[in-house]
Amino acid sequence: MSASIVTKPQDSRRWQRFTPLERSARYLVYLVVVAAFIASLRTVEIIPEFLYDAPQQMADMFRRMWPLDLAAYPATIHGAMLETLHIATLGTLLSLLLAVPLALLNARNITPSAWLNWVAKFFLVASRSVNSLVWALLFVAVFGPGVLAGVLAVALRSVGFVGKLFSEALEEVNMDTVEALRATGASPLAVLLKAYWPQAKPAFYSVVLFRWDINVRESAVLGLVGAGGIGVVLNDAMNLFQWPKVATALLTIFAVVLLIELLVVQIRKRLI
Amino acid sequence: MAELNHTSPRASDPERAHPFRTSWGSRALWAGLVLYLVYAVTTLDLTWARFLVGIDQGGELLGRLFPANFARWELLLSDLIESLQIAIIASVVGIAISLFVGLLAARNLMPNLVSAPMRVFIALCRTFHPVIIAILFVKAVGFGALAGILTLIVASIGFIAKLFAEAIEEISLKQVEAIRATGAGFASIILFGVLPQVFSRFIGFSMYQLDSNLRNSTMVGIVGAGGLGGTLFSAFQRFDYDFVTAILITIIALILVGEALSNTVRRVFQ
């Protein structure tokens, strides 16, 4: 907003919010964005006819989904959905085994060695920059299709997230308490358990709950690449054009995600 | 701490007598956790033997992943460009739509009648994972970049329209009132009273979304919505693992470049 205001009508001096350099940098960004947008629009391979009849196709798809295939729910969907919840929960728990040590190594006020901090940071970043679907593809290649690949994919993707946020919480701990406990001659383990942990505990639980919530959503799609859960049912139903079953599975996911969100809000209120 | 009194230690107070006494609630939680683990592992057929076989396979896989094979760089480049196109178009359109949706969903500027349905709409956009939305769009508009673009537009609305609305709800209404007192119309109030207060935060959110659209544009291809993901998935299915490594390196490089760019833009608009 480079709105300029004339301070005095007679005066030639004008107040301007930004220096010319700042303004030209901003215009350069706008220019690049517009240019990139136009260049992408002109070169992207879109068949216009597909766009024009998209509403019609969508309507057709939803018409095929109705009525819902409720008989499929007890037969396959219920079991698969439970499997998805197990994948999300086990994956979250498993990730803690790696995330907590890495968070301790990454926190500068716990591990004084800059070199170890850097190593921990590297693992945390590596875990986060690979999407959970790619982790799942890798683990399906290693362990074969099934729940095990899903659990490991969820776990390894979560390590970076939980580890980063937990180590940030540890770094914000009030060091006076730590010092006081150290002054009594307490062992490092005691300092960790009685000085760091009580202060970082609320943040830890809230991060784990948040990640669990995300993992439930993510594990619902891991099955598309063969890593178990409701995604497998969804994929099979789509390949067989069983649209009512697809719709039932999607509605189940929707309902479970909503329920989990409500549950997380409730637990958070009690716990933190 | 003012009443540190050594003559009356108040030993009768249980809080004082055992500052670190065992909490039965947390013990029950731990027991429940162990029970759940045993139950889940037994029902899901997760065995140690399978894990060990997998570890062997993992070693073999690692051997085949390296060195990366960039022989088919032309395919890689064209997919990379398609991913970029998807991310750019989806971000620009998604942010433009989110501006209006976010404004309409802000409870301090809009009546409840307008903001409530908008909030439901935003929540709906957020509920499903982008890959599931991508599946639906692939079925509706066919394979290719268009499905990817539409998916990421929906994902962008779900994320930044919510943040936009929250940012607008936190503004100071004094400036809005001042502008209104000059007799300005609605558009002027928004442009000169609201937007200057939230503009730099909007840029921050938009850059974050561009980042996450870049990441996701390399993913939606797994279900056929264009970009690098499709090639990645088929390379996996053809056990073409050294090409997989090449694609993964490309994706990580793309994300790093995107992060550097968005940091630069953020600094310009600081």
Side-chain angles (χ1 to χ4, degrees), chain A residues 1 3 22 25-26 28-29 33-34 36-37 39-41 43-47 50-51 53-55 57-58 60-61 82-83 86-87 89-90 93 129-131 133-134 137-144 146-149 151 194 217-218 220-221 224-225 228 231 234 238 246 250 253-254 257-258, chain B residues 20 33 36-37 40-41 43-46 50-51 53-55 57-58 61 81-82 84-86 88-89 92 127-129 131-132 135-137 139-142 144-146 149-150 191-192 195-196 199 215-216 218-219 222-223 226 229 232-233 236 239 241 244 248 251-252 255-256 265 268-269:
Chain A
M1 291 289 99
E22 280 175 336
R26 281 169 183 238
L28 188 68
V29 171
V33 168
V34 171
F37 181 58
S40 310
L41 267 189
T43 50
V44 75
E45 281 168 39
I46 289 181
I47 303 166
F50 279 14
L51 188 57
D53 75 344
Q57 294 282 344
M58 288 287 249
D60 179 57
M61 184 177 72
L82 276 184
E83 207 172 85
H86 282 315
I87 292 175
T89 315
L90 283 178
L93 290 176
S129 49
V130 179
N131 193 295
L133 271 172
V134 177
L137 280 169
L138 279 173
F139 284 119
V140 167
V142 173
F143 295 103
V147 178
L148 185 59
V151 171
K194 300 297 180 194
R217 289 162 206 243
E218 287 203 339
V221 298
L224 295 173
V225 295
L234 198 63
M238 263 185 319
V246 171
L250 286 179
I253 296 176
F254 182 68
V257 165
L258 276 187
Chain B
F20 297 139
L33 199 66
Y36 167 75
L37 276 180
V41 170
T43 50
L44 292 181
D45 188 32
L46 295 170
R50 187 162 179 199
F51 187 73
V53 171
I55 293 294
Q57 294 250 317
L61 179 74
I81 290 173
E82 193 175 42
L84 268 176
Q85 290 166 337
I86 293 174
I88 292 170
I89 297 176
V92 172
T127 325
F128 284 115
H129 195 277
V131 172
I132 291 184
I135 293 170
L136 295 179
F137 276 125
K139 297 292 170 183
V141 300
L146 181 60
I149 292 171
L150 292 174
L191 272 180
F192 297 107
L195 212 52
F199 190 65
R215 283 161 206 255
N216 284 333
T218 60
M219 267 313 97
I222 286 181
V223 292
L232 180 68
F233 192 39
F236 259 110
F239 308 109
Y241 289 124
V244 165
L248 287 180
I251 290 178
I252 291 173
I255 289 169
L256 285 181
V265 171
V268 167
F269 283 94

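Every chain is numbered from 1 and lettered A, B, ... according to where its sequence line falls, protein lines coming before strand lines.
Only the side chain of B:Leu33 comes within contact range of chain A, judged by heavy atoms closer than 4.5 Å. With a 4.5 Å cut-off on non-hydrogen atoms, B:Tyr241 touches chain A through its side chain but not through its backbone. Interface remark: B:Val244 contributes no atoms to any contact with chain A (heavy atom separation under 4.5 Å).
Atom CZ of B:Phe128 and atom CG of A:Leu250 lie 5.0 Å apart (nearest 0.5 Å). Between B:Leu248 atom CG and A:Leu138 atom CG the span is 6.5 Å, to the nearest 0.5 Å. Distance check: B:Phe137 CZ to A:Met61 CE gives 8.5 Å after rounding to the nearest 0.5 Å. Taken from CG in A:Leu224 to CD1 in B:Ile132, the straight-line distance is 7.0 Å, to the nearest 0.5 Å.
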Fill in: Worked verdict on B:Ile88 versus A:Val33 for side-chain contact (heavy atoms from CB on, under 4.5 Å)
CA-CA 8 Å; B:Ile88 292 170; A:Val33 168; over 6 Å; no
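Taking both residues in full, the closest heavy atoms of B:Ala140 and A:Gln57 are given as O-CB, 3.0 Å, listed atom of the first, atom of the second, then distance.
When the candidates B:Ile222, B:Ile89, B:Asn216 are compared by the number of heavy-atom contacts under 4.5 Å with chain A, B:Ile89 comes out ahead. For chain B, the option among A:Val221, A:Val34, A:Val151 with the highest count of heavy-atom pairs below 4.5 Å is A:Val221. When each of B:Leu256, B:Ile135, B:Ile149 is checked for heavy-atom pairs under 4.5 Å with chain A, B:Ile135 comes out on top. Per-residue counts of heavy-atom pairs under 4.5 Å with chain B were compared for A:Leu258, A:Thr89, A:Leu234; the largest is that of A:Thr89. Ranked by heavy-atom pairs shorter than 4.5 Å toward chain B, the options A:Glu83, A:Met238, A:His86, A:Glu218 are led by A:His86.
Scored by the salt bridge (charged side-chain N to carboxylate O under 4.0 Å, His left out) test, A:Arg217 finds A:Asp213, A:Glu261 as partners (sequence neighbours excluded).
Across B:Thr218, B:Leu232, B:Val131, a single residue satisfies side chain to side chain contact (heavy atoms under 4.5 Å, CB included) together with A:Leu133, and that is B:Val131.
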